[in-house]
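What follows is a single structure, written as structure tokens, with notes after it.
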Amino acid sequence: MAEIQLIPQAELSTGQAAAIRNGAVAAVLAKASAELKLPEDKLVVRDIQPSVDVGYTYSTWDEVTGASTATYETMTSGTMSDRRYVGIYGVKDDSEAVNVTKLRIKVGNSIKAIWHLENLYSVNGGPRIGFAPSVVLLPQNMPYAIDRYVYVAAASAQIKLKGFVVEQYGKVLSP
């Protein structure tokens, strides 16, 4: 798997950022509809809830990095729930400093993406948000792991995944 530079939000127009998200939603929605044999209007698309949807330790994305530097550590891992699909299309880093420099997303036995975060940092400050050129899909009943590469040990890491869940209407919440 090639390592990928995320596209900083500052380099995208509002329309381009929305197009990336909408394209990701359309791709995952179509896959879920086909595999679950349900029409798209019987599926709901909602934002990721860290602890509910991807087994993150906390209900927010705030956490402290581990004791080792220059190594990957697991942010979260598990097996995706039955009849649930997660699409991840980007990241927002709200950490005070550069504490994590890469994210690695594994699905099954393969690495689906390694995203570099360094290019999201700028001397001008501003939001550190990046979009991937393609969505990473965590399909139903599939093991996954999301790891971060630690640059500064025992430091605040607020790495928020930009993504969504596609599931049957009424499973977790009903709009």
Side-chain angles (χ1 to χ4, degrees), residues 1-12 17 20-21 24-25 28 45-81 84-167 172:
M1 172 83 242
E3 296 186 10
I4 298 169
Q5 293 287 336
L6 296 172
I7 306 164
Q9 179 177 329
E11 295 178 11
L12 297 171
I20 290 171
R21 184 185 193 287
V25 167
V28 175
V45 177
R46 61 177 177 76
D47 289 337
I48 292 175
Q49 297 177 26
S51 60
V52 172
D53 299 321
V54 292
Y56 196 69
T57 305
Y58 307 103
S59 60
T60 65
W61 295 105
D62 304 339
E63 196 173 39
V64 174
T65 61
S68 300
T69 60
T71 188
Y72 279 105
E73 67 181 17
T74 301
M75 283 177 58
T76 188
S77 64
T79 299
M80 187 51 53
S81 298
R84 177 177 290 162
Y85 296 75
V86 170
I88 303 170
Y89 62 90
V91 66
K92 179 178 184 188
D93 185 354
D94 282 337
S95 306
E96 291 183 20
V98 181
N99 301 326
V100 173
T101 58
K102 295 184 219 178
L103 288 182
R104 178 176 65 191
I105 304 172
K106 296 184 275 186
V107 178
N109 293 325
S110 65
I111 296 171
K112 295 297 181 184
I114 297 175
W115 294 342
H116 282 271
L117 305 181
E118 297 100 325
N119 69 326
L120 303 181
Y121 297 93
S122 75
V123 293
N124 301 330
R128 295 186 307 265
I129 301 171
F131 291 84
S134 61
V135 66
V136 177
L137 172 64
L138 308 180
Q140 68 172 342
N141 304 315
M142 188 66 102
Y144 64 88
I146 301 170
D147 306 322
R148 61 183 169 217
Y149 193 81
V150 177
Y151 181 69
V152 178
S156 174
Q158 296 179 22
I159 308 296
K160 301 173 181 180
L161 300 177
K162 295 185 74 57
F164 54 88
V165 175
V166 175
E167 62 191 354
V172 169

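From a predicted model like this one, the values you see are computed outputs, not experimental measurements. We count residues from 1, following the sequence as given.
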*Would you check if the side chain of Tyr56 reaches a backbone N or O of Trp61 as a donor-acceptor pair within less than 3.5 Å?*
yes
*side chain to side chain contact (heavy atoms under 4.5 Å, CB included) against Tyr149, all qualifying residues, sequence neighbours excluded*: Ala70, Tyr72, Thr101, Lys102
*asked:* If we check side chain to side chain contact (heavy atoms under 4.5 Å, CB included) with Leu103, which of these qualifies: Val91, Ile4, Ile114?
replied: Val91
*salt bridge (charged side-chain N to carboxylate O under 4.0 Å, His left out): pairs with one or both residues in residues 137-152, sequence neighbours excluded*: Glu63-Arg148, Glu73-Arg148, Arg104-Asp147, Lys106-Asp147
_CE-CG distance between Met80 and Leu138, expressed to the nearest 0.5 angstrom_ = 4.5 Å
*Output the distance between atom NZ (Lys92) and atom CG (Leu6), rounded to the nearest 0.5 Å.*
15.0 Å
*If we only count heavy atoms from C-beta on, is the Val100 to Leu117 side-chain gap below 4.5 Å?*
yes
*What distance do Ile159 atom CD1 and Asp62 atom CG have between them, rounded to the nearest 0.5 Å?*
10.5 Å
*Is there a side-chain contact between Arg46 and Asp53 (heavy atoms, below 4.5 Å)?*
yes
*asked:* Assess the residue pair Val28 and Tyr89 against the criterion (side chain to side chain contact (heavy atoms under 4.5 Å, CB included)); give the C-alpha distance rounded to whole Å, side-chain angles, the decisive distance to 0.1 Å, and a yes or no.
replied: CA-CA 11 Å; Val28 175; Tyr89 62 90; over 6 Å; no
*Could you pull out all residues at least two apart from Val25 that satisfy side chain to side chain contact (heavy atoms under 4.5 Å, CB included)?*
Arg21, Val45, Phe164
*Verify, without hydrogens or angle tests, whether Thr65 (side chain) and Val152 (backbone) share a donor-acceptor contact under 3.5 angstrom.*
yes
*asked:* Please check: side-chain N/O of Thr69 versus main-chain N/O of Tyr151, any donor-acceptor pairing under 3.5 Å?
replied: no
*asked:* One pair to check against side chain to side chain contact (heavy atoms under 4.5 Å, CB included): Tyr144 and Ile105. What are the steps and the verdict?
replied: CA-CA 7 Å; Tyr144 64 88; Ile105 304 172; 6.0 Å; no
_Within this structure, what is the CZ-CD distance for the pair Arg84 and Glu167, rounded to the nearest 0.5 Å?_
4.5 Å
_Heavy-atom pair of closest approach, residues Leu120 and Gly130_ = CD2-CA, 3.6 Å
_So does Gly55 get a backbone contact from the side chain of Thr76, meaning a donor-acceptor N/O pair under 3.5 Å?_
yes
*asked:* Rounded at 0.5 Å granularity, tell me how far CD1 in Ile146 sits from NZ in Lys112.
replied: 14.0 Å
*If you measure from CG on Asp93 to CZ on Arg128, what distance do you get to the nearest 0.5 Å?*
4.5 Å
